[in-house]
Amino acid sequence: MTEKIELHGHELEFQKNSGKAVIEIDLGEVSDECYLVDVFSVDGTDYVALISSESNEIYIFYYEDSFENDEIDLKVVDDEEELDEVFHLFTHYWDDESLDKLVDDYDNDIEHFADNEQVIEDNDTLDE
């Protein structure tokens with residue numbers, strides 16, 4: 001369920017996504033595995049916030065969803081002032097404590113998934 005708020009003269013809508021996703025982004029010479037934090041809008045423009053699974057760095061991109069092709073298009077926000085303002089607004093809703101809890105949830109889910117995978121593999125070996 002989305003949450004709409006007004007802040008500093010902007011209309012914001014958070015939690016437009018449902019579920020979790022691990023997304024690898026290409027940063028030129030390196031890539032970074034990130035957790036989906038939120039798809040949100042500021043004054044009608046959609047953004048996506050990702051957090052690095054390694055460094056906890058936050059990335060914000062423009063977000064476009066092509067339902068026809070089942071693709072998500074992330075575009076770099078080139079305007080530094082816009083990026084700073086969007087990040088500032090984002091951090092009013094997603095504080096450090098909320099982000100830490102989200103990362104812990106992802107880490108626990110991944111650990112649980114890996115444990116279940118190991119159990120399945122061990123069972124397959126025993127059946128042979």
Side-chain angles (χ1 to χ4, degrees):
M1 185 165 153
T2 65
E3 186 171 340
K4 296 179 182 184
I5 59 174
E6 265 196 49
L7 184 65
H8 300 299
H10 297 280
E11 291 181 19
L12 308 171
E13 186 174 0
F14 288 95
Q15 297 185 13
K16 294 175 74 171
N17 58 300
S18 60
K20 295 179 180 174
V22 178
I23 301 168
E24 188 165 328
I25 58 173
D26 182 4
L27 301 171
E29 294 181 17
V30 297
S31 61
D32 197 357
E33 181 181 89
C34 298
Y35 302 145
L36 172 64
V37 175
D38 203 350
V39 175
F40 65 102
S41 64
V42 176
D43 298 329
T45 300
D46 285 337
Y47 298 91
V48 62
L50 308 173
I51 188 165
S52 170
S53 64
E54 297 295 318
S55 68
N56 285 350
E57 183 172 348
I58 302 286
Y59 299 102
I60 294 178
F61 296 96
Y62 290 117
Y63 173 84
E64 293 180 18
D65 191 351
S66 173
F67 293 109
E68 297 164 3
N69 300 329
D70 289 331
E71 293 181 9
I72 296 171
D73 191 14
L74 304 180
K75 294 187 176 162
V76 174
V77 180
D78 289 325
D79 184 332
E80 285 291 323
E81 286 183 33
E82 176 185 3
L83 184 59
D84 288 345
E85 180 70 12
V86 170
F87 182 77
H88 174 76
L89 296 167
F90 169 82
T91 57
H92 274 281
Y93 185 82
W94 285 96
D95 60 16
D96 288 341
E97 185 178 327
S98 299
L99 289 169
D100 288 345
K101 182 182 179 329
L102 181 79
V103 168
D104 287 344
D105 286 348
Y106 269 101
D107 289 343
N108 289 334
D109 288 351
I110 290 170
E111 183 178 311
H112 179 74
F113 179 76
D115 289 346
N116 286 339
E117 286 276 309
Q118 185 62 43
V119 168
I120 291 169
E121 288 174 10
D122 290 345
N123 285 340
D124 287 345
T125 305
L126 293 174
D127 291 340
E128 292 176 359

Can you run down the salt bridge (charged side-chain N to carboxylate O under 4.0 Å, His left out) pairs that involve residues 79-95, sequence neighbours left out, and say none if there aren't any?
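Checked against salt bridge (charged side-chain N to carboxylate O under 4.0 Å, His left out) - neighbours excluded - no pair reaches residues 79-95.
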How many angstroms lie between atom [atom1] of [X] and atom [atom2] of [Y], to the nearest 0.5 angstrom?
{"X": "C34", "Y": "Y59", "atom1": "SG", "atom2": "OH", "answer": "5.5 Å"}
{"X": "Y106", "Y": "L36", "atom1": "OH", "atom2": "CG", "answer": "4.5 Å"}
{"X": "E24", "Y": "D32", "atom1": "CD", "atom2": "CG", "answer": "8.0 Å"}
{"X": "Y63", "Y": "D38", "atom1": "OH", "atom2": "CG", "answer": "11.0 Å"}
{"X": "L89", "Y": "E11", "atom1": "CG", "atom2": "CD", "answer": "12.0 Å"}
{"X": "I51", "Y": "L102", "atom1": "CD1", "atom2": "CG", "answer": "7.0 Å"}

Hey, are the side chains of [X] and [Y] touching, using non-hydrogen atoms and a 4.5 Å cut-off?
{"X": "E3", "Y": "Y93", "answer": "yes"}
{"X": "L50", "Y": "V37", "answer": "no"}
{"X": "F61", "Y": "Y47", "answer": "no"}
{"X": "Y62", "Y": "T45", "answer": "yes"}
{"X": "I58", "Y": "L99", "answer": "yes"}
{"X": "V77", "Y": "V86", "answer": "no"}

Identify the heavy atoms of [X] and [Y] that sit nearest to each other, and give their distance.
{"X": "H10", "Y": "V42", "result": "ND1-CG1, 4.1 Å"}
{"X": "E13", "Y": "T2", "result": "OE2-OG1, 3.1 Å"}
{"X": "K20", "Y": "D105", "result": "NZ-CB, 3.5 Å"}

Between E64 and D46, does a side-chain contact (heavy atoms from CB on, under 4.5 Å) hold up when you go through it step by step?
CA-CA 7 Å; E64 293 180 18; D46 285 337; over 6 Å; no
For D26 and S31, indicate whether the former's side chain and the latter's backbone hold a donor-acceptor pair under 3.5 Å.
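The answer is no, because no donor-acceptor pair under 3.5 Å joins these two groups.
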Mutual orientation of the aromatic rings belonging to F14 and F40 [parallel < 30°, tilted 30-60°, perpendicular > 60°]
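The rings of F14 and F40 lie parallel, inter-plane angle below 30°.
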Any donor-acceptor N or O pair under 3.5 Å, side chains D107, Y35
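Checked: D107/Y35 side chains pair up, N/O donor to acceptor below 3.5 Å.
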